[in-house]
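Notes follow the structure.
A, B, ... follow the sequence lines: proteins, then strands. Residue 1 opens every chain.
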2 protein chains.
Amino acid sequence: MAPKNKSPASQKVIAASPKVMATDGSSPAPKRQHKADAKVATAPAKPRPVTRIQREKQDIILEAALEVFSVHGFRGATIDQIAEVAGMSKPNLLYYFPKKEEIHRRLMSELLVTWLAPLEEMRADGDPFVEIRSYIRRKLEMARDFPRQSRLFANEMLRGAPHIIDMLEVDLKALVEEKAQVLLTWMDQGKISRTDPYHLIFSIWATTQHYADFDVQVRAILGKGRGGEGRFEDAARYLEQLFLHGLTPRPKG
Amino acid sequence: MAPKNKSPASQKVIAASPKVMATDGSSPAPKRQHKADAKVATAPAKPRPVTRIQREKQDIILEAALEVFSVHGFRGATIDQIAEVAGMSKPNLLYYFPKKEEIHRRLMSELLVTWLAPLEEMRADGDPFVEIRSYIRRKLEMARDFPRQSRLFANEMLRGAPHIIDMLEVDLKALVEEKAQVLLTWMDQGKISRTDPYHLIFSIWATTQHYADFDVQVRAILGKGRGGEGRFEDAARYLEQLFLHGLTPRPKG
DNA sequence: CAGATTTTTGACCAGTTGGAAAAATGTTAG
DNA sequence: CTAACATTTTTCCAACTGGTCAAAAATCTG
């Protein structure tokens with residue numbers, strides 16, 4: 001496997017998700033305009049000022065924002081903090097993201113995409129146990145490799161998900177319903193134990209993300225000995241046993 | 001300007017935990033002193049009123065603080081917000097808790113006690129399945145009845161638990177180690193499947209608290225139909241199956 | 001290279017924040 | 001009733017907040 005993680009690698013995480021550009025449509029055109037310059041009727045020939053520098057700086061900012069937002073939440077984080085982590089002045093940061101909320105929105109929409117990817121990969125035509133096992137693995141790897149994203153997500157949930165509630169109710173719900181259907185099919189076929197597919201998915205989310213969101217607690221309890229890097233391997237083994245053993249249909253006895 | 005009563009039921013939540021009174025060093029109410037005996041040289045006796053009113057107001061403040069801290073976290077919450085929810089002016093609130101941090105600290109230390117109680121109740125001399133099942137039930141009930149406490153705890157974890165890391169590494173760790181030992185004994189006796197007791201406990205925490213911390217997500221996915229009050233019953237049934245079925249030792253064959 | 005454009009910076013602002021001080025208003029024991 | 005103490009309110013403040021703006025600096029054009 002790839003027992004590597006750490007900050008430098010995770011740097012690209014968010015940007016490395018060119019999948020869908022969800023509901024954000026922010027044209028970062030920091031074009032300075034005078035009041036007199038009203039919008040032209042049809043502006044199709046809008047030059048895209050997305051220069052190299054702009055993209056780089058935006059990535060740096062988003063990375064810094066991830067660092068701060070994931071710890072303090074939206075309200076608790078300050079632009080100054082983010083700017084400092086990003087190594088630039090506050091006005092300079094605001095040149096790229098005129099609003100604090102905009103940074104967060106970008107982060108959230110990009111996050112959702114990467115966050116749902118593992119579940120999307122669960123194939124109906126695969127072997128149930130292999131698929132579920134792989135899904136758990138992938139989720140656990142994300143908790144290990146991208147803990148900040150996990151915490152960012154958790155922070156948003158705790159607040160009631162004001163910025164992404166729509167996406168949850170539409171995209172996420174649809175995806176989960178689809179996969180729940182897959183699980184139900186497997187159950188009907190007797191391939192896995194009959195149980196509630198929704199709560200099954202919830203429990204996989206909960207158990208895997210726990211190792212990112214409650215990392216401090218996990219470490220504190222496991223201590224120096226077992227709290228090291230190996231804890232994810234232990235967790236993987238345990239969760240596999242919990243879910244697969246639990247799902248194994250037992251011959252009536 | 002009428003301070004509006006919020007949820008009267010939830011008002012007493014924290015105070016309603018008469019369990020242990022932990023680490024908060026509220027010494028047994030020193031009566032009011034007259035100046036006569038106040039001037040004793042060796043009197044380190046701080047004037048600690050703790051009148052009835054004080055206790056009432058403090059409870060109101062703590063309740064309001066729970067409401068706000070559990071949503072916005074420590075940094076994101078403001079004293080003004082808390083004061084408004086508590087139905088008093090900011091300076092008035094500061095009269096009872098001179099520091100914002102102090103409110104949070106109180107909340108956290110009281111929380112830890114109630115939060116660990118369910119695990120403490122898991123008896124080594126009981127039937128393993130009954131004990132584990134009861135533990136899961138209790139934790140789930142707490143997620144259902146005291147979701148704000150759960151979120152307060154989660155918020156603290158996400159930040160790295162700066163205010164309670166010590167307690168985690170000492171009290172919590174000791175408790176978990178004790179109970180892990182109990183679980184190991186049961187495993188040795190062949191009463192439950194052999195597995196990692198620490199991660200087993202983690203997974204119970206994760207799955208149960210999920211229904212409080214990620215409540216928005218759960219509701220969004222289950223929709224109006226199954227997202228109602230019944231979701232906790234469904235969750236209880238599911239989790240019971242997951243853990244107990246998963247732990248049932250199967251006759252080898 | 002000049003000129004145009006993009007990026008960065010420093011000064012600044014209005015509103016919010018945690019908190020201090022003190023005056024004003026209860027409350028209560030004697 | 002009244003002094004002593006408890007509580008509340010009013011006023012204030014310095015630091016911080018998200019954000020603006022024009023000018024300076026850097027970069028990109030031809």
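In this structure, R106(B) contributes its side chain and E102(B) its backbone to no donor-acceptor pair below 3.5 Å. Judged purely by atom type and a 3.5 angstrom limit, K57(B) has no side-chain atom pairing as donor or acceptor with the backbone of N92(B). Under a 3.5 Å cut-off, the side chain of R151(B) and the backbone N or O of A212(B) do form a donor-acceptor pair.
If you take CD of E56(A) and P of dT6(C), they are 17 Å apart, rounded to a whole angstrom. I79(A) has its CD1 atom 5 Å from the C1' atom of dG18(D), to the nearest Å. A straight line from CD of E84(A) to P of dT17(D) spans 11 Å, rounded to a whole angstrom. Between the C1' atom of dG19(C) and the CD atom of E102(B) lies a distance of 15 Å, rounded to the nearest Å. If you take NZ of K100(A) and C1' of dT20(D), they are 18 Å apart, rounded to a whole angstrom. We find that NZ of K57(A) is positioned 8 Å from C1' of dT8(C), with the value rounded to whole Å. Taking atom NE2 on H72(B) and atom P on dG18(C), their separation rounds to 12 Å, with Å as the unit. Separating the OH atom of Y95(A) from the C1' atom of dG10(C) is a distance of 17 Å, rounded to the nearest angstrom.
At the heavy-atom level, L94(B) lies under 4.0 Å from base atoms of the strands shown. Among the atoms of the strands shown, none is found under 4.0 Å from any heavy atom of A83(A). Y96(B) comes within 4.0 angstrom of the backbone, heavy atoms only, and of no base.
Contact annotation: the side chain of Q217(A) approaches that of F153(B) to within less than 4.5 Å [non-hydrogen atoms, C-beta and beyond].
Residues satisfying the ring-ring contact (aromatic ring centres under 6.0 Å, His included) test with F69(A), not counting sequence neighbours, are F74(A), H104(A).
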* To do: In sequence, state the C-alpha distance, the side-chain angles, and the governing distance for Q209(A) and F214(B), and then conclude on side-chain contact (heavy atoms from CB on, under 4.5 Å).
  => CA-CA 11 Å; Q209(A) 292 176 9; F214(B) 285 65; 3.7 Å; yes
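With salt bridges taken as basic N to acidic carboxylate O contacts below 4.0 Å, none links E120(B) and R138(B).
Contacts between residues 85-93 of chain A and DNA chain C, defined by a heavy-atom separation under 4.0 Å, are made by S89(A), P91(A), N92(A).
In this structure, Q54(A) reaches the dT7(C) phosphate: one of its side-chain N or O atoms is under 4.0 Å from OP1 or OP2.
Of the listed nucleotides (dT8(D), dT17(D), dT17(C)), dT17(C) has the atom at the smallest distance from the side chain of R75(A). When distances are taken from the side chain of K99(B) to each of dG19(D), dG18(C), dA20(C), the shortest belongs to dA20(C).
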